[in-house]
Amino acid sequence: MLSVTIFYAAILVALVLFLAYRVTGFRRGEGVSLGDQNASKAMHSAIRAHANAVENIPLALLLLLMLELNYLNDWLLHVFGILLVVSRVLHAYGLSQRNGPSFGRFYGTAITWLTMAAMIVVNIIVVLVSD
């Protein structure tokens, strides 16, 4: 059973739903039903936080799933999963708090990309070793 990927997928999809809910709240409050013209900076940030999560989380989960399907050690899968959750929460929080650079946005992005890069490398090693 793919319990590790399922666990982190559930947490990360809950984060995406929370971010989508925030966008909906801004849309209702500001009367912006489609697009982002005439939207506040806070709404723009909420939209980008949600969109960035949707752009990065599926790819990261796909990499995690491939590792789990290739029987990578559970502890390493959990390390990758924890890093993904922490980095995505950091990024969403940082982007939601202010428009422009922030601690959360910078480190959230950096940790996400480094974690994905590490999973890419491990996936390639697994394929090369198994042949």
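Only a predicted model underlies this, so the values are computations on that prediction, with no experimental measurement involved.
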Check L72 against L77 and note the closest heavy-atom contact, atom names and distance. O-CD1, 3.6 Å

For A46 and R22, work out which heavy atoms get closest and say how close. CB-NH1, 3.9 Å

With rounding to the nearest 0.5 Å, note down the distance linking [atom1] in [X] to [atom2] in [Y].
X: L61; Y: M116; atom1: CG; atom2: CE; value: 9.5 Å
X: H44; Y: I47; atom1: NE2; atom2: CD1; value: 6.5 Å
X: S96; Y: R48; atom1: OG; atom2: CZ; value: 11.5 Å
X: M119; Y: N123; atom1: CE; atom2: CG; value: 8.0 Å
X: I11; Y: I6; atom1: CD1; atom2: CD1; value: 12.5 Å
X: L12; Y: L64; atom1: CG; atom2: CG; value: 9.0 Å

Please walk me through it: do T112 and H91 pass side chain to side chain contact (heavy atoms under 4.5 Å, CB included)? CA-CA 9 Å; T112 298; H91 183 271; 5.6 Å; no

Test your reading of the model: is there a side-chain donor-acceptor pair from S87 to the backbone of I111, 3.5 Å cut-off? no

Connected via hydrophobic side-chain network under 4.5 Å: [X] and [Y]:
X: L84; Y: Y107; result: yes
X: L59; Y: V89; result: yes
X: F18; Y: V16; result: yes
X: I57; Y: V54; result: yes
X: L95; Y: F103; result: no

Less than 4.5 Å apart, any side-chain heavy atom of [X] and any of [Y]?
X: V126; Y: Y71; answer: no
X: V85; Y: Y8; answer: yes
X: I120; Y: I124; answer: yes

I'd like to check the side chain to side chain contact (heavy atoms under 4.5 Å, CB included) partners of V86; sequence neighbours left out, ordered by chain and number. I82, L90

With T5, which of L67, L65, L63, L62 fulfils side-chain contact (heavy atoms from CB on, under 4.5 Å)? L65

side-chain hydrogen bond (donor to acceptor under 3.5 Å, both in side chains) partners of S45, counting only residues at least two apart: N99

Would you say S40 and E30 are linked by a side-chain donor-acceptor pair, where the criterion is simply a distance under 3.5 Å? yes

